Amino acid sequence: MEHDGRTLKRWQLITYPEVFDKNSKQPIGRVLDITTEGVKLISKGPIDTNKTFNMRMSLPLNILGSEEITFDVSSLWSNKDINPDYYSTGFRMTKIANHDVRRIEHLVREFSFRD
């Protein structure tokens, strides 16, 4: 287990899937890294912490019958990114369907940088 409480290794993807608010359809940011328990996004502006979001993530291709994944998350932190024009925000998954967990696992297998 990592020192920050994570139980799963975070995976940086070779693509940066876009994430939208599921209800308003407004873009929220792009995925920096992901696990089946959480996601880190990069965005143009700060994102409120301790807030619940309903998200829809576009996939780079059809994975297990869908080109998107939907999930609910809670924002844990938001800081200026290394690039000062952006913010990075960490989220914990609070609700995700089993088929979307499998899509994330497939996405990580096919589109992540390997050690």
Side-chain angles (χ1 to χ4, degrees):
M1 182 183 302
E2 296 181 23
H3 296 289
D4 56 12
R6 286 188 190 92
T7 57
L8 296 177
K9 177 178 173 47
R10 295 183 302 175
W11 292 99
Q12 187 175 13
L13 304 175
I14 58 174
T15 65
Y16 298 95
E18 194 159 15
V19 177
F20 301 87
D21 182 283
K22 194 165 60 174
N23 303 314
S24 73
K25 315 246 187 300
Q26 293 298 310
I28 297 174
R30 291 192 172 268
V31 174
L32 285 176
D33 63 49
I34 193 166
T35 73
T36 56
E37 293 179 349
V39 63
K40 181 166 72 170
L41 300 183
I42 190 164
S43 60
K44 279 288 197 181
I47 295 175
D48 292 338
T49 56
N50 300 313
K51 187 175 174 188
T52 299
F53 295 86
N54 308 107
M55 294 186 172
R56 178 180 59 81
M57 181 174 78
S58 297
L59 296 173
L61 52 83
N62 186 307
I63 296 177
L64 304 174
S66 182
E67 293 181 1
E68 68 180 27
I69 295 172
T70 60
F71 49 87
D72 294 350
V73 293
S74 177
S75 53
L76 303 175
W77 56 266
S78 188
N79 300 316
K80 277 275 197 191
D81 190 62
I82 293 169
N83 178 337
D85 295 334
Y86 294 91
Y87 289 81
S88 2
T89 304
F91 300 87
R92 181 176 24 96
M93 301 278 184
T94 57
K95 182 179 177 186
I96 184 169
N98 288 335
H99 58 267
D100 284 328
V101 168
R102 289 191 300 278
R103 286 186 183 104
I104 289 174
E105 291 167 346
H106 186 90
L107 182 69
V108 165
R109 262 193 321 275
E110 298 298 322
F111 292 95
S112 66
F113 291 104
R114 296 296 177 172
D115 295 336

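Computation of the quantities below employed the complete heavy-atom set of this structure, encompassing side-chain atoms and omitting hydrogens, waters and symmetry-equivalent molecules. Please read these numbers as outputs of a predicted model, since none were measured by experiment.
Among Leu41, Ile28, Ile34, Asp100, the one residue that satisfies the side-chain contact (heavy atoms from CB on, under 4.5 Å) test with Met57 is Ile34. When each of Lys95, Met93, Arg92 is tested with Ser74 by the rule side-chain contact (heavy atoms from CB on, under 4.5 Å), just one qualifies, namely Arg92.
A cation-pi arrangement is not found for Lys80 relative to Tyr86, the charged atom failing to lie both closer than 6.0 Å to the ring centre and inside a 45° cone about the ring normal.
By the 4.5 Å heavy-atom criterion applied to side chains, Lys22 and Asp72 are counted as neighbours. A 4.5 Å side-chain heavy-atom check between Leu107 and Ile63 finds at least one atom pair inside the cut-off. A heavy-atom distance below 4.5 Å is not found between the side chains of His99 and Leu64. Inter-residue side-chain proximity for Ile82 and Ser88 is flagged as unmet; no heavy-atom pair is nearer than 4.5 Å. Residues Ile47 and Phe91 meet the side-chain proximity criterion, which asks for heavy atoms closer than 4.5 Å.
The hydrophobic clustering, which links ILVMFWY residues whose side-chain heavy atoms are closer than 4.5 Å, places Phe20 and Val39 apart.
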Please evaluate residues Thr70 and Asn54 with respect to the criterion side-chain contact (heavy atoms from CB on, under 4.5 Å), reporting the C-alpha separation (whole Å), side-chain torsions for both, the decisive distance (0.1 Å), and the verdict. CA-CA 7 Å; Thr70 60; Asn54 308 107; over 6 Å; no
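In this structure, Ser43 OG and Leu32 CG are separated by 9.0 Å, a value rounded to the nearest 0.5 Å. Between the NZ atom in Lys25 and the CG atom in Asn23 there is a gap of 7.0 Å [rounded to 0.5 Å].
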